[in-house]
Amino acid sequence: MPRWKELPEELDPQVREFTGQLRRLVEHSGLSPAAVADRTGYSKTSWERYLHGRLLAPQGAVLALAEATGTDAGHLLTLWELAERAWSRSEMRRDATMESIQVAQARFALGEYAPDPDRVPPAASAPSEPPSPPSAVSPSPAGRTADTGVRQLRRQLRRERMTVWVAGAAGVLLVAVGLLLLALNPSGGGGKKAAAATAPAASAPQSPPPSAPPALPAGVRCTGADCAGKDPNRMGCSGQNAVSPSRGAVGAMRIEVRYSKVCGAAWARVTGAAPGERITVGADGHSTTARTGQGGDGYTPMVTVSGDPAKVTACRTTAAGLRHCAQPAAAKGPATP
């Protein structure tokens, strides 16, 4: 991998940290830029922009890189969300700066042509011809443009003042209505009703507070039915939180059922297949599908699993209609990340 160029100095610290993490993932994986582009479905040019800080990588590219490098996507997405907010703030500041520059330029241009009220014409040292009637003097095009610009600016200021006045009047009216309602509501009756309502509650036995839901491990964002249809990487269910109870292989193609006990859900994962092949996972009468990417890899959203994970089905269907499914593993081995 070639040596990285220095990131731009004006880059936000959170964007800089996220870009550095992407560079470390690519370096540790040993993948070339062409291989990264092939496995993620994003072009080599796009990845060069992402890794050099010229453009923020979209969420889809981040998830694809995490899957290609076998990285837990939960922590990576946390860094991406912080970088995305910082990037948006930087763009808003740039837009505000450009707008201020344009307003200043417009006011400067109007000021160049506007008449100077402090300028007094010098007294004539010799008698001059009588001035012509006002109707005979025609203003120059520059004067007409300046007058029009000044009138428009004054109208805009008047509209802004009117808006502020209306907003203030509405606020005062709302406060007055609130005070009137408080004055009309008898406080004595309310106190009696409150006392009558609290008396039975004090005499009745209190029920125990509801038990809090079990705490999830760090990075896990769903469990049970809340995981159905969601991305396992983004919800933190993959990686060390998942095992493969069923597997299958045809040539270089590998298909497996990925099951997360802490999330109570499963999904199908395929590697080494052809692009665009269909992947299906099913459990407890529910199923969901996905397609392999340009690199031939892919995985489905999750389905909820309430019983034996070995009964979850995962199949891959080729463009010719051939179907290959995962089978329950004969012996439990070390889980793939």
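All figures in this text were calculated on a predicted structure; none of them were measured in a lab.
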Between [X] and [Y], what is the shortest heavy-atom contact and its length?
X: Ser43; Y: Ala37; result: C-CB, 3.8 Å
X: Ala265; Y: Tyr259; result: O-CD1, 3.4 Å
X: Tyr42; Y: Pro58; result: CE2-CG, 3.9 Å
X: Ala283; Y: Thr304; result: CB-O, 3.9 Å
X: Leu11; Y: Gly53; result: CD1-O, 3.6 Å

**Q.** Sequence neighbours excluded, every pair satisfying salt bridge (charged side-chain N to carboxylate O under 4.0 Å, His left out) that has a member inside residues 39-55
**A.** none
Q: Would you list the pairs meeting salt bridge (charged side-chain N to carboxylate O under 4.0 Å, His left out) in which at least one residue belongs to residues 305-319, sequence neighbours left out?
A: Glu277-Arg316
Q: Evaluate side chain to side chain donor-acceptor pair (under 3.5 Å) for Arg254 paired with Thr271, printing each intermediate quantity in order.
A: CA-CA 5 Å; Arg254 298 288 185 272; Thr271 57; over 6 Å; no
Q: Considering only Ile, Leu, Val, Met, Phe, Trp and Tyr, and joining two whenever side-chain heavy atoms are under 4.5 Å apart, list the other residues clustered with Met302.
A: Met235, Trp267, Tyr299
Flag, side chain of [X] to backbone of [Y], donor-acceptor distance under 3.5 Å:
X: Trp80; Y: Ala57; value: yes
X: Asp297; Y: Gly272; value: yes
X: Thr317; Y: Gly321; value: no
X: Ser29; Y: Val26; value: yes
X: Asp284; Y: Ser306; value: yes

Q) Under the side-chain contact (heavy atoms from CB on, under 4.5 Å) test, which residues partner Arg291, sequence neighbours left out? A) Arg278
(Q) List the residues meeting side-chain contact (heavy atoms from CB on, under 4.5 Å) with Pro275, not counting sequence neighbours, and say none if there are none. (A) none
Q. Which side-chain hydrogen bond (donor to acceptor under 3.5 Å, both in side chains) pairs, counting each pair once, include a residue from residues 56-73, with sequence neighbours left out?
A. Gln59-Arg234, Glu67-Asn233, Thr69-Thr71
Heavy-atom side-chain contact between [X] and [Y] under 4.5 Å:
X: Met253; Y: Ile255; result: yes
X: Arg269; Y: Arg247; result: no
X: Thr289; Y: Ile279; result: no

Assigning hydrophobic clusters by single linkage (Ile, Leu, Val, Met, Phe, Trp, Tyr; side-chain heavy-atom cutoff under 4.5 Å), is [X] placed with [Y]?
X: Val250; Y: Val257; value: no
X: Leu7; Y: Leu82; value: no
X: Leu63; Y: Leu51; value: yes

Q: Dump the intermediate steps for disulfide bond (SG atoms under 2.5 Å apart) on Cys263 and Cys227, then the final yes or no.
A: CA-CA 7 Å; Cys263 294; Cys227 294; 4.5 Å; no
Q: Apply side chain to side chain contact (heavy atoms under 4.5 Å, CB included) to the pair Leu77 and His75, showing each step before the final yes or no.
A: CA-CA 5 Å; Leu77 283 176; His75 301 297; over 6 Å; no
(Q) side chain to side chain contact (heavy atoms under 4.5 Å, CB included) for Phe18 and Leu56? Distances and angles first, verdict last. (A) CA-CA 9 Å; Phe18 172 70; Leu56 183 67; 3.9 Å; yes
With sequence neighbours excluded, what pairs up with [X] under the side chain to side chain donor-acceptor pair (under 3.5 Å) test?
X: Thr40; value: Trp47
X: Ser287; value: none
X: Thr45; value: none

Q.
Consider side chain to side chain donor-acceptor pair (under 3.5 Å). Of Ser244, Ser238, Ser246, which one does Arg258 pass it with?
A. Ser244
(Q) Can you list everything that forms a salt bridge (Lys or Arg N to Asp or Glu O under 4.0 Å) with Glu84? Sequence neighbours excluded, please. (A) none
Acceptor/donor pairs from residues 215-226 side chains to any protein atom, 3.5 angstrom cut, sequence neighbours excluded:
| residue | atom | partner | partner atom | Å |
| --- | --- | --- | --- | --- |
| Arg221 | NH2 | Thr78 | OG1 | 3.3 |
| Thr223 | OG1 | Val262 | O | 3.3 |

Q: Show your working on side chain to side chain contact (heavy atoms under 4.5 Å, CB included) between Thr288 and Val281 and close with a plain yes or no.
A: CA-CA 6 Å; Thr288 184; Val281 64; 3.4 Å; yes
Q) Can you list the steps and then say if Gln21 with Leu76 is a side chain to side chain contact (heavy atoms under 4.5 Å, CB included)? A) CA-CA 8 Å; Gln21 183 63 31; Leu76 193 59; 3.8 Å; yes
Donor-acceptor contacts, no H, no angles, side chain residues 169-179, under 3.5 Å, sequence neighbours left out:
none

Q | Interatomic spacing from CG in Leu22 to CD in Glu27 - rounded to 0.5 Å | A | 11.5 Å
